[in-house]
Number of protein chains: 2
Amino acid sequence: MVTMLDVARCAGVSKSTVSRVLNGKNVVREEVKALVYKAIAETGYRPNLLAQQLATQKSSMIGLVITNEVYNGPFFSTLVYNAAKFCEQHDHRLIFADGKHSADEEINAIDFLVRMKCAGIMVYPRHTSQAQLEKIINESPVPVMILNQQLTVRPDRNIFIDHYRGGEIMMDYLLSQGHSRIAYISGKMPSPSNQARQQAWQDKASPDSAALIAQGDWSMESGYQAALTLIDGAESFTALLAANDDMALGAIKALKDRGLRVPQDISVAGFDNAKIGHYFSPSLTTLDTPIEQMIQCAVEQIVNLPLDTPEHGLTGTLVVRDSVGPASVSGPN
Amino acid sequence: MVTMLDVARCAGVSKSTVSRVLNGKNVVREEVKALVYKAIAETGYRPNLLAQQLATQKSSMIGLVITNEVYNGPFFSTLVYNAAKFCEQHDHRLIFADGKHSADEEINAIDFLVRMKCAGIMVYPRHTSQAQLEKIINESPVPVMILNQQLTVRPDRNIFIDHYRGGEIMMDYLLSQGHSRIAYISGKMPSPSNQARQQAWQDKASPDSAALIAQGDWSMESGYQAALTLIDGAESFTALLAANDDMALGAIKALKDRGLRVPQDISVAGFDNAKIGHYFSPSLTTLDTPIEQMIQCAVEQIVNLPLDTPEHGLTGTLVVRDSVGPASVSGPN
DNA sequence: TTGAAAGCGCTAACAA
DNA sequence: TTGTTAGCGCTTTCAA
């Protein structure tokens, strides 16, 4: 491996001069500079970033921790895409650690990134408790930004989406369409997104809706199964709200398979505004979640832009499409 | 920041002893060990991975380069999910660099990972030429594995999917269903996947099919538009093959919007076996692409498992569903 | 404008 | 079994 010293020797100068040339400090004579560049080209030298970061005590990496359970959702691509985009926009690189499926593993992933001396870390937590997160934030030498879920402390380290408000928006829309019996398909717990959405459903739904809930795990298949369970249940309903689009899509298939029409017999809505929702038939009414904005805030907070963290949670916007219609007079059962 | 020296002082031993304790060399007296652990706990010491990797000259990171144009495809989640999975399985971490949208940027991303001293690098190239890739592979001190596309050299650094064979499988199936006029929606070039699939289509389609091709860019929307173009074209066809599932799904919507039935009037097929295909109506006939296997081979090659690189490309398997039916007697126009 | 030397935090001979 | 010492490849004072 060719080091800076090799370049220096080859150019007939000292290590420090090479370093200066590379770091653009304009204190080097042009002719020497040229010599150094020539030597660099000749030797094929690549600066060692580990050494560089160790010496400067700073790095240009931003870490992201996500539990791989999230990988399949439409969330994931959008999240990573935007994370990479905003990192690069601020001359940083995204580095990525799998939080796997337990609090320990999530904490481990964060720890790895801390020890890699990332400039900052974004965590999309799934298992780690508030208390643990708070501890991590406070002990970390670099900014650790908690995404998606609301923390009760350290708002400066927290960019969250107000999923409760999102749930309300969706429920209000369904109610405004005349639906009074609304079923809910939940995402896999623990999940702050699901928890808040479910709470909104519960608060807005008619009091006797307790039986109108089925457990999903965010996947299309679970939405399919959950919908079957609900259809076969004793309680009737005219609308079905799923905690994400994937499950809503699975649910629509289940309804169709049972000969029910969407939205004439049953209306269906989801969350997240997955692209496919537009192309599905019927096209899916959903809530567009401001992922891009969330990531942007997090990254800019890390790179220390003079930017205010949003005081309140970000809220999504309703996307009205065809899968929700007015309540039919008679429900399916 | 608390360093190893701090721990050593706190425990009343030397730095090397602390190091030994940490690295599990069982040459340290139990009592001393205990002392060190106590000091570590007290000080809250976290080893600096940069320093460690600089000193040991090795790292446990595996890099992945993807162009962000790929982020939206169903490919992406699967790719990253499996990459993370197999990395962790072999006690490595995935680190991720955006190839953005030019050869220069891809090469830059690879360079970054090289300079971060990754143990190995996986590249899903989009823009970089064979010659450039070859150069990179040969010059890199660590294994650089080229994914997806076939290289003419260095099969030991190349895990590819035989997309031409995949295209043939799909075309053979369509032909076996009696289709003779088969249209094709292409992915965005440059792309080895599209190139090979398109070639297979061209070789298998009837010679007068030249007009039956429309340009897409992998997105659902482009599939939608491309299908409209084809429908409005002068040439009739009974089947439509799209270079990926997303475009096939967009195309199906276009057909429906024009009052055409799938598969009765027109059959549609795609590639990649995106999950949603199963839930769409009609469910989508597609080719399952062995992404997981590809990544596994790449990772195991990097971590130096006694494993043979597959001699030939991996091939996908046909997934027959509802979007393809027998050729109808009369096409749409 | 340049070079020498110390130091970033760690590992790994070598000696003791 | 432990401590001393010399690196890993880079940056950055401090002198020259």
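Every heavy atom of this structure was used, including side-chain atoms; hydrogens, water molecules and symmetry mates were not. Throughout, protein chains are lettered first and strands after them, A, B, ... in sequence-line order, and every chain is numbered starting at 1.
- Near DNA chain C, defined here as any heavy-atom distance below 4.0 Å, the residues from residues 30-53 of chain A are A/Val32, listed numerically.
- In this structure, a donor-acceptor pair under 3.5 Å is present between the side chains of A/His163 and A/Asn148.
- With hydrogens and angles ignored, the 3.5 Å screen pairs a side-chain donor or acceptor of B/Asn158 with a backbone N or O of B/Leu151.
- The interatomic distance linking B/Gln57 (CD) with C/dG9 (P) rounds to 18 Å, in whole Å.
- Although no hydrogens or angles enter the test, the distance criterion places a donor-acceptor pair under 3.5 Å between the side chain of B/Asn194 and the main chain of B/Gly187.
- B/Lys188 NZ: 12 or fewer foreign heavy atoms inside a 6.0 Å radius.
- If you check D/dC8, D/dT11, C/dC10 against the side chain of A/Met4, the one that comes closest is D/dT11.
- A ring-centre distance under 6.0 Å is found for A/Phe75 and A/Tyr124.
- For C/dT2, the OP1/OP2 oxygens have no side-chain nitrogen or oxygen of A/Thr17 closer than 4.0 Å.
- Taking 4.0 angstrom as the limit, A/Thr3 places none of its side-chain polar atoms (N or O) nearer than this to OP1 or OP2 of D/dG9.
- Atom C1' of nucleotide D/dC10 and atom CG of A/Asp6 are separated by 13 Å, given to the nearest angstrom.
- Separating the CG atom of A/Leu54 from the P atom of D/dT12 is a distance of 12 Å, rounded to the nearest angstrom.
- Between atom CD of residue B/Gln52 and atom CG of residue B/Leu22 there is a gap of 8.0 Å, rounded to the nearest 0.5 Å.
- Per the geometry, NZ belonging to B/Lys117 stands 18 Å off P belonging to C/dT11, to the nearest Å.
- Between B/Thr67 and the choices B/Glu105, B/Glu106, B/His101, the side chain to side chain donor-acceptor pair (under 3.5 Å) rule is met once, by B/Glu106.
- If one axis is set at each end of the helix from C/dT1-D/dA16 to C/dA16-D/dT1 from five pairs, those axes are 40° apart, to 10°.
- Put simply, the side chain of B/Asn48 reaches to within 4.5 Å of the side chain of A/Leu54, judged on heavy atoms.
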Which atom pairs link the protein and nucleotides 12-16 of chain C when you take only N or O atoms and keep those under 3.5 Å?
none

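- Side-chain N or O atoms of A/Ser59 include one that pairs as donor or acceptor with a backbone N or O of A/Lys117 at under 3.5 Å.
- Counting only N and O atoms by type, the side chains of A/Glu292 and A/Gln296 include no donor and acceptor under 3.5 Å apart.
- Ring geometry for B/Phe96 versus B/Phe76: interplanar angle over 60°, hence perpendicular rather than tilted (30 to 60°).
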